[in-house]
Structure formats: C-alpha cells, structure tokens
Amino acid sequence: MFAIISPIKIIVLVCQAYATLALLIVLALFLYKPEISAGVLLRVVLGGAGALEIFLLVSAHFFWRKLWAKFPILNEFLFPDLNGNWKMKIYWSQNGAEGIVDAKASIKQNLVSLSMEVSSTGSDSETIVVKTSKDSVSGRPVIFYFYRVIPKNIGGEPSLPYEGASTLKLFTEESEILRGNYFTNRDTKGHFELTR
C-alpha cells in the first residue's frame, strides 16, 4: 500500500524519541552506578529497542483501530478506518455498450497499509498499489487505487487478466460511500460506488 501515516515520519519520530529516552536511561544508570559496564548499558539500549520494535509492530496491526474508535477525531485528522466489507456497483462502458455489475469489496487496512479485493460474478480483482491522501481543497479522504482484474473463465473464450486504475473519494454526508471513476487497459471505463 502506501501509508496512512508516512512510515518515514513514524520511523524518524520513534527513533528520535527512543534515542532521547535511551540517552536519559544510560545517563541515569551511569550517574547512579558509575562502575556499570559498557556491556550492561548496551544490553539495556538494545533490549529496549527490541521491545519497542515488537510494541510498534503489534500497535500498527492491531491496537490502532481501538485508538481510532476511542478518539474519532483521528478519522478526520489522519485517515478514516475503512476496514470491512463493502457493497459495490460497477458502472461500465466499452465501445458504446454499458451496464452495471454488482460486486463485493473487502478493504483491509492497518496503520501503514491498505488493500482492496473485489469479487463479482465474472471476475476477481486484487490490489497492485494503493496511495491514500486528503483532497487539498475539501480535505476529503481519497484513495488512488491500481488493481489487476482476473476474469473467471465461466464458459466462452477465456479472458486474460488486465489492469485498471481508479480515484475513489469518501463521502460521509448520507452514509459512508466511496465513489469515483476508473479506466482499464482493456479500453473500459466507468464509475465505482461502494457502500458499507
């Protein structure tokens, strides 16, 4: 995916905080017990780094949703929690023909990544790349979504997989709706609409 919060910013902030904390702990140990060995100090610093790494991994994948639920302002301030199953309508057109396909989308999100899988009667799709952002004018959450469609070979001629791209914006006025236009390298284009 991309990142809900820039991983580089997270890494820099955590490294700065940990370096400051480790320095204070080492200074306190050294002042309290001047005869303490460098090996003990090194074990304290590296042990703390290992514990911090485990804490960050668990937090990024599990605890962040509880934090978002407890402080809903994070949905506005950072990026909303879009995890879950969505009903999807695909409005398509190709060479003058058009139609609507019902599908199901499953969005999987954690603090640093987001992916979406879509399943319909005729095909499945998987995420290639996702980039999330906020609209510079409205502040509305936006997903730039690149995907691969794998047609289901149900009778007829087998179709080859193909790629597409879409820009989806989150609308929360009536209910939660993700919608936006898409196009594919098979000369199809149209509109996606996802509702929770």
Side-chain angles (χ1 to χ4, degrees), residues 1-13 60-61 64-65 67-69 71-152 159-196:
M1 135 152 208
F2 105 119
I4 304 305
I5 302 171
S6 168
I8 300 300
K9 284 184 184 176
I10 292 173
I11 291 168
V12 168
L13 289 172
H61 291 281
W64 75 274
R65 292 189 76 195
L67 189 63
W68 257 243
F71 301 103
I73 190 71
L74 293 172
N75 286 304
E76 298 293 323
F77 184 64
L78 295 173
F79 201 83
D81 179 4
L82 301 176
N83 269 299
N85 296 316
W86 296 68
K87 292 178 184 176
M88 184 174 190
K89 287 203 175 289
I90 304 169
Y91 300 87
W92 62 270
S93 68
Q94 181 180 28
N95 300 327
E98 53 186 45
I100 302 172
V101 174
D102 289 321
K104 294 178 185 173
S106 174
I107 296 178
K108 293 181 179 144
Q109 176 184 349
N110 61 41
L111 193 57
V112 293
S113 69
L114 185 144
S115 68
M116 182 164 66
E117 294 180 353
V118 176
S119 180
S120 70
T121 305
S123 65
D124 292 323
S125 76
E126 59 194 16
T127 302
I128 296 174
V129 175
V130 173
K131 169 81 170 105
T132 61
S133 181
K134 292 270 189 127
D135 185 279
S136 61
V137 177
S138 69
R140 190 178 298 282
V142 179
I143 299 172
F144 301 99
Y145 173 55
F146 299 90
Y147 56 93
R148 177 174 297 110
V149 178
I150 299 114
K152 296 176 182 172
S159 297
L160 295 173
Y162 57 95
E163 284 77 37
S166 178
T167 301
L168 300 169
K169 288 188 178 184
L170 181 65
F171 295 84
T172 56
E173 290 77 21
E174 321 87 55
S175 61
E176 284 190 317
I177 297 174
L178 279 168
R179 64 176 171 236
N181 296 328
Y182 77 90
F183 63 92
T184 72
N185 64 353
R186 250 184 25 174
D187 290 330
T188 55
K189 58 185 177 181
H191 186 79
F192 290 149
E193 189 169 286
L194 294 83
T195 55
R196 245 202 253 253

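Small disclaimer: the values here were computed from a predicted structure and weren't measured.
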Heavy atoms from other residues, nucleotides or ligands near NZ of K189 exceed 12 (cutoff 6.0 Å):
no
Test item: T184 and V149 side chains (from C-beta on) under 4.5 Å apart, heavy atoms
no
Please assess Q109 against N83 for the test side chain to side chain donor-acceptor pair (under 3.5 Å), listing each intermediate value before the final yes or no.
CA-CA 6 Å; Q109 176 184 349; N83 269 299; 4.7 Å; no
Is a donor on one side and an acceptor on the other found under 3.5 Å between the side chain of D124 and the backbone of E117?
no
Closest heavy-atom pair, W64 versus N110, reported as atoms and distance to 0.1 Å, is NE1-CA, 3.2 Å
Considering only heavy atoms from C-beta outward, does the side chain of I143 approach that of V130 to under 4.5 Å?
yes
Can Y147 and T127 be said to form a side-chain contact (heavy atoms from CB on, under 4.5 Å), step by step?
CA-CA 5 Å; Y147 56 93; T127 302; 5.8 Å; no
Any chance you could lay out the side-chain contact (heavy atoms from CB on, under 4.5 Å) test for L82 and L170, step after step, and finish with the verdict?
CA-CA 10 Å; L82 301 176; L170 181 65; 4.1 Å; yes
Value for CD1 (I100) from OH (Y91), rounded to nearest 0.5 Å, stands at 5.0 Å
Side chain proximity check, P161 to E126, heavy atoms < 4.5 angstrom:
no
Tell me if the NZ atom of K87 is crowded by more than 12 foreign heavy atoms within 6.0 Å.
no
Give me the atom names and distance for the closest heavy-atom approach of E176 to W86.
O-CZ3, 3.8 Å
Kindly indicate whether the side chain of P80, heavy atoms from C-beta on, has any atom under 4.5 Å from the side chain of W68.
no
S120 to K152 - nearest heavy-atom pair and separation:
O-NZ, 2.7 Å
Quick one: closest heavy-atom pair of H191 and N181, and the distance?
ND1-OD1, 3.0 Å
Salt bridge check, K89 against E193: does any charged N sit closer than 4.0 Å to a carboxylate O?
no
Test log, rule side-chain contact (heavy atoms from CB on, under 4.5 Å), inputs L168 and M116:
CA-CA 12 Å; L168 300 169; M116 182 164 66; 3.9 Å; yes
Measure the spacing between CE of M88 and NZ of K104 and express it to the nearest 0.5 Å.
13.5 Å
Provide the closest heavy-atom pair for S133 versus F79 in the form atom of the first, atom of the second, distance.
O-CE1, 3.4 Å
Using 0.5 Å steps for rounding, measure from the CG atom of L74 to the CZ atom of R65.
13.5 Å
Would a 4.5 Å heavy-atom cut-off, applied to side chains only, mark L178 and F192 as touching?
no
Output the distance between atom CD (Q94) and atom CG (D187), rounded to the nearest 0.5 Å.
7.0 Å
As an exercise, state the distance from CZ of R196 to CG of N85, rounded to the nearest 0.5 Å.
9.5 Å
dist I128:CD1 -> Y145:OH (nearest 0.5 Å) comes out at 8.5 Å
Closer than 3.5 angstrom, by distance alone: can the side chain of S123 be matched with the main-chain N or O of I150 as a donor-acceptor pair?
no
Test side-chain contact (heavy atoms from CB on, under 4.5 Å) on R140 and F171; report intermediate values, then the result.
CA-CA 8 Å; R140 190 178 298 282; F171 295 84; 3.3 Å; yes
